[in-house]
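As structure tokens, the structure follows; a few thoughts come after it.
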Amino acid sequence: ETGVTQTPRHLVMGMTNKKSLKCEQHLGHNAMYWYKQSAKKPLELMFVYSYEKLSINESVPSRFSPECPNSSHLFLHLHTLQPEDSALYLCASSLGQGGTGELFFGEGSRLTVL
Amino acid sequence: DAKTTQPTSMDCAEGRAANLPCNHSTISGNEYVYWYRQIHSQGPQYIIHGLKNNETNEMASLIITEDRKSSTLILPHATLRDTAVYYCIVRVGFGNEKLTFGTGTRLTIIP
């Protein structure tokens with residue numbers, strides 16, 4: 001139990017669907033992250049929010065849209081995805097400035113795009 | 001952030017010490033060494049980090065060479081639950097938000 005909760009844990013969607021992944025932390029952290037892990041590939045950083053502002057976007061396609069309404073919640077909105085977007089999507093949080101640099105990860109949301 | 005090199009895979013007998021090496025020959029003076037592990041289909045878990053001194057916590061020890069070009073993560077008494085992919089990452093200080101994962105070392109603990 002890391003204190004970072006992701007829902008849903010599993011999601012199957014068609015290419016024309018719109019869905020969202022949710023991440024929640026009540027650790028008092030100020031930075032939140034989305035990572036993507038495809039089969040047999042390293043984790044890829046997608047987005048970083050710092051104090052609710054998008055600070056890093058690793059050139060992610062626009063069919064992935066992040067949202068951080070407050071410091072405890074992070075969403076990843078998905079629309080018109082491709083089968084190659086099937087992956088494990090991991091959310092993480094950290095204290096940010098003044099912290100130890102440690103990231104706390106959720107269990108991930110496994111996405112399958114048909 | 002500096003690049004790291006780790007062996008692709010390692011085996012270790014249960015109950016023995018697991019020593020996982022990492023080369024980071026281009027590390028800068030303000031970069032820390034972090035270790036994470038990822039048990040199958042779970043999110044990565046922080047293990048330990050250090051700058052230049054050796055570090056120990058309840059999970060592991062981190063030995064950093066004097067020139068800081070390499071380090072070793074030591075799991076003193078490996079158990080089957082330590083089977084995982086172990087990632088060595090170097091990154092600038094605490095203020096840097098970017099943590100870049102490589103391919104890591106797949107450690108298998110043998111009964």
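In what follows, every chain begins at residue 1, and chains take the letters A, B, ... in the order their sequences are listed.
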Do you know which two heavy atoms are closest between Leu90(A) and Pro44(B), and how far apart they sit? CD1-CD, 4.0 Å
Spell out, yes or no, whether Ile48(B) and Ile27(B) are grouped together once hydrophobic residues are joined by side-chain heavy atoms under 4.5 Å, including indirect joins. yes
Report the distance from atom CG of Leu45(A) to atom CG of Leu99(B), rounding to the nearest 0.5 Å. 8.5 Å
Following the transitive rule for hydrophobic clusters with a side-chain heavy-atom cut-off under 4.5 Å over Ile, Leu, Val, Met, Phe, Trp and Tyr, establish whether Tyr33(A) and Ile56(A) coincide in one cluster. yes
Look up atom CD in Gln45(B) and atom CZ in Phe104(A), then write down how far apart they are to the nearest 0.5 Å. 10.5 Å
What's the shortest heavy-atom distance between Glu102(A) and Tyr34(B), and which atoms? N-CE2, 4.4 Å
Does any non-hydrogen side-chain atom of Ser41(B) lie less than 4.5 Å from one of Glu107(A)? no
Quick one: do Phe64(A) and Met13(A) end up in the same hydrophobic cluster if we chain Ile, Leu, Val, Met, Phe, Trp and Tyr together by side-chain heavy atoms under 4.5 Å apart? yes
Mind checking whether Tyr35(A) and Phe101(B) have ring centres under 6.0 Å apart? yes
Same apolar cluster (I L V M F W Y, side chains within < 4.5 Å links), Tyr89(A)/Met15(A): yes
From CA spacing to verdict: side chain to side chain contact (heavy atoms under 4.5 Å, CB included), Phe105(A), Tyr36(B): CA-CA 11 Å; Phe105(A) 282 84; Tyr36(B) 282 75; 4.1 Å; yes
Scan for salt bridge (charged side-chain N to carboxylate O under 4.0 Å, His left out) pairs involving residues 57-71 of chain B, sequence neighbours excluded, and state none if there are none. none
Over all heavy atoms of both residues, which pair between Leu43(A) and Tyr87(B) is shortest? Give the atoms and the distance, please. CD1-OH, 3.8 Å
Can you see which heavy atom on Pro42(A) is nearest to which on Gly102(B), and at what distance? CB-O, 3.3 Å
Consider only side-chain heavy atoms of I, L, V, M, F, W and Y, link residues closer than 4.5 Å, and tell whether Leu81(A) and Leu114(A) are in one cluster. no
When heavy-atom pairs shorter than 4.5 Å are enumerated against chain B, which of Gln6(A), Lys40(A), Glu58(A) gives the highest number? Glu58(A)
Could you please state which residues from residues 10-19 of chain B sit under 4.5 angstrom from chain A, measuring non-hydrogen atom to non-hydrogen atom, sorted by number, or 'none'? none
